[in-house]
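Before any comments, here is the structure.
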Amino acid sequence: MRLGNFSFSKLRQRDIAIIAIVLSLVAGAIWYFYVYRPTQDRITQLESDIARLDVEIRRGEDARRNLPDLRLAVAQLEEDRRVFLSELPRESDISGLIDQLRTSAEDADVLVQRLSQGAASEQIQDVRPIGFSVQTQGTYTDTMSFLGSLEGLQRFTKIGNVSLSLDSDESADPTLNASYDFTVYVYTGDDPGELD
């Protein structure tokens, strides 16, 4: 076979061996860079994926073992939420709450000078916070008694601020001007007894 002035028949055995070695080296380099290296990289990636999946499988098995306990805990939390919401006054019960405050003030023998409704900024699902401010006047003992009745509403009321000032300090039971800021939480959702 001839290519121009080149003839394979004129090649000596040493030249053929060199060509064979060069072709083998080129084929080896091609195999190394296009077959072996990508395969090794892929094996490393797969081993990393297997290790990650093993960790996820262990977590999944742990979660599956804990699932009955978690279901019981969720059911208990849902029941606690339902019971708590059922104890909140409805939005339509605000007049009853105001009447209860008036009665508590009368029982404590303090004079309600001002009652106003303000805004509350909290966002709670199915619950509306309503801010109130009450100003009273009464003796120290009576004022503390009224404060105690406000604190007794703590299941659905949060007292945010109490301010006391003296009219005069000449008495052992001085007259106090008091101001209370508190938030009443009312339920606005469906009947909490029907919650799932």
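In this text the structure is predicted, and so the values were computed from the model without any measurement.
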So, taking the atom named [atom1] in [X] and the one named [atom2] in [Y], what distance separates them when rounded to the nearest 0.5 Å?
X      : Y      : atom1 : atom2 : result
Asp181 : Ser163 : CG    : OG    : 8.0 Å
Asp62  : Leu67  : CG    : CG    : 12.5 Å
Tyr180 : Gln135 : OH    : CD    : 10.5 Å
Ile21  : Ile16  : CD1   : CD1   : 12.0 Å
Asn177 : Thr136 : CG    : OG1   : 8.0 Å
Thr139 : Asp109 : OG1   : CG    : 7.0 Å

Exercise. Check the pair Arg12 / Asp15 against side chain to side chain contact (heavy atoms under 4.5 Å, CB included), numbers first and verdict last.
Key: CA-CA 5 Å; Arg12 293 182 294 211; Asp15 296 333; 3.9 Å; yes
Would you mind checking if Asp99 and Arg102 are paired as a salt bridge, meaning a charged N to carboxylate O distance below 4.0 Å?
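So Arg102 pairs with Asp99 through a salt bridge.
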Practice task
Determine, for Arg58 against Glu61, whether the closest basic-nitrogen to carboxylate-oxygen distance falls under 4.0 angstrom.
Solution key: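 No, no charged N to carboxylate O under 4.0 Å.
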[X] with [Y], same ILVMFWY side-chain cluster at under 4.5 Å:
X      : Y      : value
Val55  : Leu53  : no
Ile18  : Leu25  : no
Tyr36  : Leu46  : no
Leu111 : Val134 : no
Val22  : Trp31  : yes

May I ask you to check whether Asp41 and Gln45 show a side-chain donor-acceptor distance below 3.5 Å?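 There is no such pair between these side chains.
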Could you tell me which non-hydrogen atom of [X] sits nearest to which non-hydrogen atom of [Y], and how far apart they are?
X      : Y      : answer
Val110 : Gly138 : CG1-CA, 4.1 Å
Tyr185 : Pro129 : CE2-CB, 3.7 Å
Arg65  : Pro68  : O-CD, 3.5 Å

- Mutual orientation of the aromatic rings belonging to Phe182 and Phe132 [parallel < 30°, tilted 30-60°, perpendicular > 60°]: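 It falls in the parallel class, under 30°.
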Note to self: Suppose we screen for salt bridge (charged side-chain N to carboxylate O under 4.0 Å, His left out). Which residues come up paired with Glu56, at least two apart in sequence or across chains?
What the structure shows: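 Only Arg52 meet the salt bridge (charged side-chain N to carboxylate O under 4.0 Å, His left out) criterion with Glu56.
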Is there a side-chain contact between [X] and [Y] in this structure, where contact means two heavy atoms from C-beta onward sitting under 4.5 Å apart?
X      : Y      : result
Leu150 : Leu101 : yes
Ile130 : Gln117 : yes
Thr143 : Leu147 : no

Examine distances only and state if a side-chain atom of Ser104 and a backbone atom of Gln100 form a donor-acceptor pair shorter than 3.5 Å.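 Answer holds: yes.
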